[in-house]
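Contents: one structure, followed by commentary.
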Amino acid sequence: MSASSKKKLRKEQGTEKLTQKQLAAQKEAYTTRLYTIAFTAVLVVLLAIAVFVGISQTIKTTGYHEKRTTAVQIGDHSISNAELNYFYIDAINSFYSNYGGYASMLGLDTSLPLDQQIVDEDTGRTWADDFLDTAKENARSVYALSDAAAAAGFTLPEEQAAQIDSSLSTLESYAKLYGYSNGQAYLKAMYGNGATTESYRAYSERSALASAYNSHYTDSLTYDDAALREKEAENPAAYSSYSYNYYYLPASKFLTGGTTDENGNTTYSDKERAAAEAAVRAAAESLSGSEIDSVEALNAAIADLAINEGIEASSTESKNVLYGSVNSLFQQWVSDSSRKEGDIAVFESTGTNTAEDGTTSEVLNGCYVVYYVGSTDNNFPMVNVRHILIQPTHAADEAEDAHADGETYSDEEKAAAKQSAEDILAQWKSGEATEDSFAALANENSADGDGTTGGLYENVYPGQMVAAFNDWCFDSSRKPGDTGIVETTYGYHVMYFVGNTEQTYRDYLIESDLRTADTDEWYNGLLDTVTVTDGNTDYIRKDLVLGSAS
């Protein structure tokens, strides 16, 4: 199981439905991310989405022009179309992996070539143009950082070099799986005719070096207590967490009347919209009166609303939400030092409506009713813990998809997993019974992690992990060296408590902000020294079709 599987154990956070503004922000985000696209373990991404759109491209040329034509000049480096295609395809892969489910909402038609879809009517830019610009920026990032690494004498860590070796050796297997003669033919199908195993290795190693050096620089930064307190003083509320319940009333639910055309599209008059806005405000006020003195009272009032007749409706609980994750509409209200439990307020969410004549006006999208529960200053130690995850498995004679779509395991299968967990714990107790011996067993047996971390989770804070795991870690009686077995939806966890951290969660958050700001300043300084000059990109795969073979 890959290292990324560790993310599964993290407690999932509830999210609101995406607003149009948020969708627009997502669209913008993919062109401005600094590190994630180019610095991912690129070959792992490639193998994970091997059935992605261009995989069955027919190889028609030797790739001479792709290799010999300069697509972009980055500093002192001439980047060929073949190399830029690596960045280009991986930018598309990353976008599709993160936002593929919203592709149509963002205006991307996966059945049409990228260079035939306009993303900006004013400039005529296509989706291919946007992805190409992202590729150039990612290449700029990689070369700026890898050059800085070389200047500092920093080399790719052996572990990451070994991972690239392992991934490239796996390439041959994937090639055969998808009907290609060898790994190089597979790479050409994915990245174009100029792709070779050698150039892909160079691309992978340079990208990994850039990522490793970026992490190395960030990790090298240190801060004393004075620096932490100075940063904290800028906005003390930013490092606390807040608990509240909220309910959103969309104005659209209060619209009545309207005129429906022959195509089924309904429009509303200004008078009808004004009535809806008045109605949603009145409903919001009814949920925020003095008689609403508890979450239960709020939920009862929500259930009694006419718009909720015949359906179950209640407020959404938001528990220990970090300041930065609180909705900006009520962020300042929630974090006000005078706020006390039971406070309740209404916040209006507005937007802009553009009429046919081009004039604009502010419209009410809806109202949030927010009930304040409490806060924590996060001034407590985090914990370090190791675990060994044993997942149930179905009997060999059952169908492979027996537990697909969330189907639960049988009592017998869970009992077998629990027994395996108990056997591993007994094995540890009968041996050296040290943290190191537990880590060794985790590397050998855990279904979580990549077999190198010893099952270690560091700097764990309350509420970060799934409930049972969290409760075991933060039991008030917990002490270093404690062991146990915890059941979660992922299986059975053999636990080992390493101990509390010396740093509090609050200081960890403050230090993280300082590291981010200082790393960004350093990184942007590197970028400022790197010029980008466009060349000939005729051999970039701009006509790629995401939903079918190219």
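Along the sequence shown, the residues carry numbers beginning at 1.
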(Q) How close do Leu305 and Ser286 get, counting heavy atoms only, and between which atoms? (A) CD2-OG, 4.0 Å
Q) Do Tyr371 and Tyr246 have their ring centres less than 6.0 Å from each other? A) no
Q: With the side chain counted from C-beta on, respond yes when Gln464 and Met382 share a heavy-atom pair under 4.5 Å apart, and no when they do not.
A: no
Q. Within the distance-only criterion (no hydrogens, no angle test), does the side chain of Arg515 pair as donor or acceptor with the backbone N or O of Leu221 below 3.5 angstrom?
A. yes
Q. Is it the case that more than 12 heavy atoms not belonging to Tyr508 sit under 6.0 Å from its OH atom?
A. no
Q. Are Thr360 and Thr352 close enough, and set up right, to give a side-chain hydrogen bond (donor to acceptor under 3.5 Å, both in side chains), and what steps lead you there?
A. CA-CA 6 Å; Thr360 61; Thr352 302; over 6 Å; no
(Q) Let me confirm one number: the OH-CD distance from Tyr244 to Glu341, rounded to the nearest 0.5 Å. (A) 15.5 Å
Q: Enter the distance from Asn353:CG to Asp270:CG here, rounded to the nearest 0.5 Å.
A: 8.5 Å
Q) How long is the gap from SG on Cys367 to CG on Leu249, to the nearest 0.5 Å? A) 6.5 Å
Q. Is there side-chain contact between Asp543 and Leu114, with heavy atoms separated by less than 4.5 Å?
A. no
Q) Judged by modelled atom types alone, do Tyr539 and Asn85 share a side-chain donor-acceptor pair under 3.5 Å? A) no
(Q) Taking the side chain as everything from C-beta on, heavy atoms only, tell me whether Thr537 gets closer than 4.5 Å to Leu132. (A) yes
Q.
Do Asp448 and Tyr490 pair up side chain to side chain, a donor and an acceptor below 3.5 Å, judged on atom types alone?
A. no
Q. What distance separates Ile118 CD1 from Asp130 CG, expressed to the nearest 0.5 Å?
A. 10.5 Å
Q: Enter the distance from Ser141:OG to Leu526:CG here, rounded to the nearest 0.5 Å.
A: 10.0 Å
**Q.** Working for side-chain contact (heavy atoms from CB on, under 4.5 Å), residues Thr501 and Asn459
**A.** CA-CA 7 Å; Thr501 61; Asn459 299 322; 3.6 Å; yes
Q) Passes side-chain contact (heavy atoms from CB on, under 4.5 Å), Leu287 versus Ile302? Steps please. A) CA-CA 7 Å; Leu287 299 179; Ile302 291 170; 4.0 Å; yes
(Q) Quick one: does any side-chain atom of Glu277 pair with a main-chain N or O of Val363 as donor and acceptor, under 3.5 Å? (A) no
Q: Answer yes if the ring centres of Tyr461 and Tyr505 are under 6.0 angstrom apart, and no otherwise.
A: yes
Q.
Main chain of Ser338, side chain of Asp336: is a donor-acceptor contact present, judged purely on distance under 3.5 Å?
A. yes
Q) Is there a donor-acceptor contact under 3.5 Å linking the side chains of Asp513 and Thr516? A) no
Q: Measure the acute angle between the ring planes of Tyr86 and Tyr191, then classify it against the limits of 30° and 60° as parallel, tilted or perpendicular.
A: perpendicular
(Q) Using only atom types and a distance under 3.5 Å, with no angle test, would you say the side chain of Ser207 pairs donor to acceptor with the backbone of Tyr203? (A) yes
Q. Backbone N or O of Leu514 within a donor-acceptor pair of the Tyr223 side chain at under 3.5 Å?
A. yes
**Q.** Flag if over 12 foreign heavy atoms under 6.0 Å of CD, Gln73
**A.** yes
Q: State, with a plain yes or no, whether a side-chain heavy atom of Leu544 is found less than 4.5 Å away from one of Ile92.
A: yes
Q | Backbone of Glu272 reached by a side-chain donor or acceptor of Ser269 within 3.5 Å | A | yes
Q | Where Val373 and Val295 come nearest, the two heavy atoms and their spacing | A | CG2-CG2, 4.4 Å
Q. Going by atom types only, do Thr260 and Thr266 share a side-chain donor-acceptor pair under 3.5 Å?
A. yes
Q: For Ser97 and Asn93, indicate whether the former's side chain and the latter's backbone hold a donor-acceptor pair under 3.5 Å.
A: no
Q | Gly107 to Trp127 - nearest heavy-atom pair and separation | A | O-NE1, 3.5 Å
Q. Is the side chain of Asn81 donor-acceptor paired with the backbone N or O of Asn536 at a distance under 3.5 Å, no angle test?
A. yes
Q: Answer with yes or no whether the side chains of Asp377 and Ser240 bring together a donor and an acceptor at under 3.5 Å.
A: no
Q. Taking NZ, NE, NH1 and NH2 as the nitrogens, is one of them in Asp133 or Arg125 under 4.0 Å from a carboxylate oxygen of the other?
A. yes
**Q.** Residue that, paired with Tyr368, satisfies ring-ring contact (aromatic ring centres under 6.0 Å, His included) out of Phe330, Trp333, Phe347
**A.** Phe330
Q.
Would Phe95 and Leu108 count as a side-chain contact (heavy atoms from CB on, under 4.5 Å) here? Give the steps.
A. CA-CA 11 Å; Phe95 171 84; Leu108 176 61; 3.6 Å; yes
Q: May I ask you to decide if the ring planes of Tyr88 and Phe131 are parallel, tilted or perpendicular, using 30° and 60° as cut-offs?
A: perpendicular
Q. Of all heavy-atom pairs between Tyr323 and Ser335, which one has the smallest distance, and what is that distance?
A. CE1-OG, 3.5 Å
Q | Backbone N/O of Asp261 and side chain of Asn265: donor-acceptor pair under 3.5 Å | A | no
Q. Does the Asn214 side chain pair with the main chain of Ser211, one donor and one acceptor, at a distance under 3.5 Å?
A. no
Q. What's the shortest heavy-atom distance between Val530 and Gly75, and which atoms?
A. CG1-N, 4.0 Å
Q: Identify whether the distance between the nearest side-chain nitrogen and carboxylate oxygen of Arg229 and Asp507 falls below 4.0 Å.
A: yes
Q) Side chains of Asn245 and Tyr372: donor-acceptor distance under 3.5 Å anywhere? A) no
(Q) Salt bridge check, Glu511 against Lys231: does any charged N sit closer than 4.0 Å to a carboxylate O? (A) no
Q) Is any side-chain N of the basic residue among Lys340 and Asp343 closer than 4.0 Å to the acidic one's carboxylate O? A) yes
Q: Answer whether the closest heavy-atom distance between the side chains of Tyr247 and Val370 falls below 4.5 Å.
A: no
Q.
Would you compute the distance between atom OG1 of Thr504 and atom CZ of Phe380 and round it to the nearest 0.5 angstrom?
A. 8.5 Å
Q) Are side-chain N/O atoms of Ser241 and Asn378 paired as donor and acceptor at under 3.5 Å? A) yes
**Q.** Stepwise side-chain hydrogen bond (donor to acceptor under 3.5 Å, both in side chains) check, Ser315 with Asn299
**A.** CA-CA 6 Å; Ser315 63; Asn299 288 336; 2.7 Å; yes
Q) Checking side-chain contact (heavy atoms from CB on, under 4.5 Å) for the pair Val334/Arg339: CA distance, chi angles, key distance, verdict? A) CA-CA 7 Å; Val334 164; Arg339 195 63 50 230; 6.0 Å; no
Q) Any side-chain heavy atom of Ser349 sitting closer than 4.5 Å to one from Leu329? A) yes
Q) Is the CD atom of Glu309 crowded by more than 12 outside heavy atoms at less than 6.0 Å? A) no
Q: Would you check if Lys136 and Asp534 make a side-chain contact, meaning some heavy-atom pair closer than 4.5 Å?
A: yes
Q: State whether Arg281 and Glu285 are salt-bridged, where the test is any N-O pair (Lys NZ or Arg NE/NH1/NH2 against Asp/Glu carboxylate O) under 4.0 Å.
A: no
Q | Heavy-atom pair with the smallest gap, counting every atom of Ile79 and Leu84 | A | CG2-N, 3.9 Å
(Q) Within the 3.5 Å criterion, strictly below it, is a donor on Tyr239 or Asn379 matched to an acceptor on the partner's side chain? (A) no
